[in-house]
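Structure first, commentary second.
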Amino acid sequence: MGTVVDAANKEANGSIAEKKPTVIFVLGGPGSGKGTQCANIVKHFGYTHLSAGDLLRAEIKSGSENGTMIQNMIKEGKIVPSEVTIKLLQKAIQENGNDKFLIDGFPRNEENRAAFEEVTKIEPEFVLFFDCSEEEMERRLLGRNQGREDDNIETIRKRFNVFLESSLPVVQYYESKGKVRKIDAAKPVEEVFEAVKAVFNAKDEKAAA
Ligand SMILES: Nc1ncnc2c1ncn2[C@@H]1O[C@H](COP(=O)(O)OP(=O)(O)OP(=O)(O)O)[C@@H](O)[C@H]1O
Ligand SMILES: Nc1ccn([C@@H]2O[C@H](COP(=O)(O)O)[C@@H](O)[C@H]2O)c(=O)n1
Ligand SMILES: [Mg+2]
């Protein structure tokens with residue numbers, strides 16, 4: 001079995017490495033507006049939006065063997081083992097015809113970051129970081145009304161702790177490499193997107209020069 005799984009992984013890695021996709025990590029606390037802004041970037045700049053959270057929720061719905069484990073961890077605001085999430089991301093990239101991706105809500109911790117780089121050999125072009133206060137994020141999540149199991153005050157508080165303890169250090173890692181594009185995400189949606197557009201326009205201008 002191990003051999004078969006390894007071969008499948010090699011196959012997935014191989015095709016992804018050959019693809020050499022442009023990857024931008026979209027990070028920020030729960031409710032900072034990652035998904036909202038990714039939808040705008042898809043429309044204006046033609047990226048494919050891969051939300052790690054959405055891929056995990058789809059895995060729960062699929063009834064797969066990992067589904068129950070994933071559901072329990074999401075309920076607790078915990079971070080699912082990297083191999084599970086990375087396999088889902090690899091499959092999504094491999095099956096998609098695009099060559100530029102926004103990976104939303106990933107990496108969420110150092111294990112995610114290191115394992116993704118090790119397995120896929122892909123480094124992000126940059127990290128789009130949405131900076132927002134907990135008060136504002138809590139207000140947004142409690143008003144989100146998307147029927148998510150983790151949009152309750154108890155889980156929200158746990159997610160904030162996970163963000164501070166595990167996810168923010170990943171942003172700091174990329175900050176140390178000069179790869180973070182920080183956006184004030186506390187502003188209204190349209191104003192936040194104006195700042196996001198400036199980042200992507202600058203990227204395109206640099207590439208054209
Ligand atoms: N700039 C903004 N101002 C006010 N509300 C916003 C803003 N951006 C997003 N929202 C709203 O806040 C809620 C959370 O936004 P979104 O789902 O994009 O956050 P997220 O960072 O993807 O959160 P999660 O990590 O929980 O998936 C949504 O109801 C969204 O409509
Ligand atoms: N890299 C990740 C991303 C997400 N999760 C789990 O999914 C939950 C929801 O994520 P959103 O980005 O949609 O808010 C998150 O709280 C984690 O429980 C993960 O484990 N690993
Ligand atoms: Mg989201």
Side-chain angles (χ1 to χ4, degrees), residues 23 25-43 49-61 66-90 92-93 101-117 119-120 124 127-171 183-197:
V23 164
F25 288 147
V26 181
L27 300 178
S32 57
K34 300 183 294 297
T36 300
Q37 295 302 329
C38 282
N40 289 332
I41 300 166
V42 164
K43 265 189 258 162
H49 175 206
L50 298 178
S51 159
D54 288 348
L55 290 170
L56 291 168
R57 283 182 284 271
E59 192 66 4
I60 295 169
K61 286 206 179 81
N66 284 324
T68 307
M69 175 273 288
I70 295 169
Q71 184 167 30
N72 291 335
M73 294 196 87
I74 288 181
K75 229 180 267 173
E76 289 302 307
K78 290 182 179 159
I79 299 171
V80 166
S82 300
E83 61 175 334
V84 172
T85 314
I86 290 171
K87 268 204 193 96
L88 296 172
L89 286 167
Q90 278 182 294
I93 291 171
F101 296 88
L102 303 168
I103 299 187
D104 166 3
F106 183 99
R108 267 245 178 25
N109 62 13
E110 176 55 20
E111 183 202 69
N112 270 189
R113 185 203 65 74
F116 183 84
E117 197 174 299
V119 167
T120 68
V127 171
L128 193 61
F129 170 54
F130 290 109
D131 184 33
C132 191
S133 71
E134 281 191 5
E135 293 72 22
E136 175 63 16
M137 292 193 290
E138 181 179 305
R139 206 178 2 260
R140 292 177 184 178
L141 292 176
L142 291 176
R144 177 155 58 180
N145 302 324
Q146 287 176 5
R148 283 181 45 163
E149 280 194 83
D150 55 350
D151 277 351
N152 62 77
I153 193 62
E154 192 189 13
T155 308
I156 288 169
R157 292 272 158 77
K158 289 177 182 172
R159 296 178 66 206
F160 284 162
N161 289 335
V162 168
F163 175 69
L164 290 175
E165 283 160 25
S166 303
S167 308
L168 214 42
V170 172
V171 178
I183 303 282
D184 176 358
K187 295 180 176 172
V189 176
E190 301 70 23
E191 285 182 42
V192 173
F193 186 55
E194 284 308 310
V196 169
K197 269 196 287 189

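Atoms within each ligand, like the ligands themselves, are counted from 1 in listed order.
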Per-pair distances, ligand 2 N/O vs protein N/O, less than 3.5 Å:
unit_1   : atom_1 : unit_2 : atom_2 : d
ligand 2 : 1 (N)  : G105   : O      : 3.1
ligand 2 : 1 (N)  : N112   : OD1    : 3.1
ligand 2 : 12 (O) : R108   : NH1    : 3.1
ligand 2 : 12 (O) : R108   : NH2    : 3.1
ligand 2 : 13 (O) : R57    : NH1    : 3.2
ligand 2 : 13 (O) : R57    : NH2    : 2.8
ligand 2 : 13 (O) : R148   : NH1    : 3.3
ligand 2 : 14 (O) : R108   : NH2    : 3.3
ligand 2 : 14 (O) : R148   : NH2    : 2.9
ligand 2 : 14 (O) : R159   : NH2    : 2.6
ligand 2 : 16 (O) : R159   : NE     : 3.3
ligand 2 : 18 (O) : K78    : O      : 2.6
ligand 2 : 20 (O) : V80    : N      : 2.7

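- At least one side-chain heavy atom of P81 sits less than 4.5 Å from a side-chain heavy atom of M73.
- Ligand 1 is never approached by G53 to a heavy-atom distance shorter than 4.0 Å.
- No side-chain heavy atom of I79 sits under 4.5 Å from any side-chain heavy atom of E111.
- At least one heavy atom of G31 sits under 4.0 Å from some atom of ligand 1.
- Counting only heavy atoms of the protein, atom 22 (O) of ligand 1 lies nearest to G35 N, 3.0 Å.
- The side-chain heavy atoms of F116 and T85, taken from C-beta on, include no pair separated by under 4.5 Å.
- Ion pairing between E135 and R139 fails under the 4.0 Å rule for side-chain N and carboxylate O.
- By the 4.5 Å heavy-atom criterion applied to side chains, F25 and P124 are counted as neighbours.
- Scanning the protein for heavy atoms near atom 26 (O) of ligand 1, the closest one is R144 NH2, 2.9 Å.
- Contact annotation: Q146 has no heavy atom less than 4.0 Å from any atom of ligand 1.
- Minimum interatomic distance between C132 and A186 (heavy atoms only, all atoms of both residues): SG-CA, 4.0 Å.
- Here is the list of ligand 1 atoms found below 4.0 Å of a heavy atom in R108: 25 (O).
- Remark: distances from the non-hydrogen atoms of R57 to ligand 1 are all 4.0 Å or more.
- Across all non-hydrogen atoms, the minimal contact from L27 to P107 is CD2-O, 3.4 Å.
- Of the protein's non-hydrogen atoms, G33 N, 3.3 Å is the one closest to atom 19 (O) of ligand 1.
- Contacts of M137 with ligand 1, taken as heavy-atom pairs under 4.0 Å, are absent altogether.
- Of all atoms in ligand 1, numbered sequentially from 1 with element shown, those under 4.0 Å from a heavy atom of R159 are 24 (P), 25 (O), 26 (O).
- Using a 4.0 angstrom heavy-atom cutoff, G29 counts as in contact with ligand 1.
- In terms of heavy-atom proximity, S51 sits nearest to R57 at OG-NH2, 4.2 Å.
- Summary of contacts: the protein heavy atom closest to atom 20 (P) of ligand 1 is K34 N, 3.6 Å.
- Residue contacts with ligand 1 do not include E191, since none of its heavy atoms lies under 4.0 Å from the ligand.
- Checked by atom type and distance alone, the side chain of T155 pairs as donor or acceptor with a backbone atom of K75 at under 3.5 Å.
- Side-chain contact between V170 and F129 is absent, with no heavy-atom pair separated by less than 4.5 Å.
- Residues I74 and I60 have side chains in contact (heavy-atom distance under 4.5 Å, counting atoms from C-beta outward).
- The number of heavy-atom neighbours closer than 6.0 Å to CD of E154, taken from other residues, nucleotides and ligands shown, is 12 or below.
- Residue P30 approaches ligand 1 through these ligand atoms, each under 4.0 Å from one of its heavy atoms: 25 (O).
- Residue contact annotation: K187 has a non-hydrogen atom under 4.0 Å from ligand 1.
- Summarising the contacts of atom 6 (C) of ligand 1 with R139, E136, R140, the nearest heavy atom is found in R140.
- Side-chain contact check for K78 versus K158: every heavy-atom pair is 4.5 Å or farther apart.
- Neither the backbone nor the side chain of S51 has a heavy atom within less than 4.0 Å of ligand 1.
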Steps toward side chain to side chain contact (heavy atoms under 4.5 Å, CB included) verdict (E165, N109): CA-CA 9 Å; E165 283 160 25; N109 62 13; over 6 Å; no

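- Those atoms of ligand 1 with a heavy atom of R148 less than 4.0 angstrom away are 24 (P), 26 (O), 27 (O).
- Within ligand 1, the atoms closer than 4.0 Å to a non-hydrogen atom of T36 are 9 (C), 15 (O), 16 (P), 18 (O), 30 (C), numbered from 1 in the order shown.
- Residues Q37 and N40 meet the side-chain proximity criterion, which asks for heavy atoms closer than 4.5 Å.
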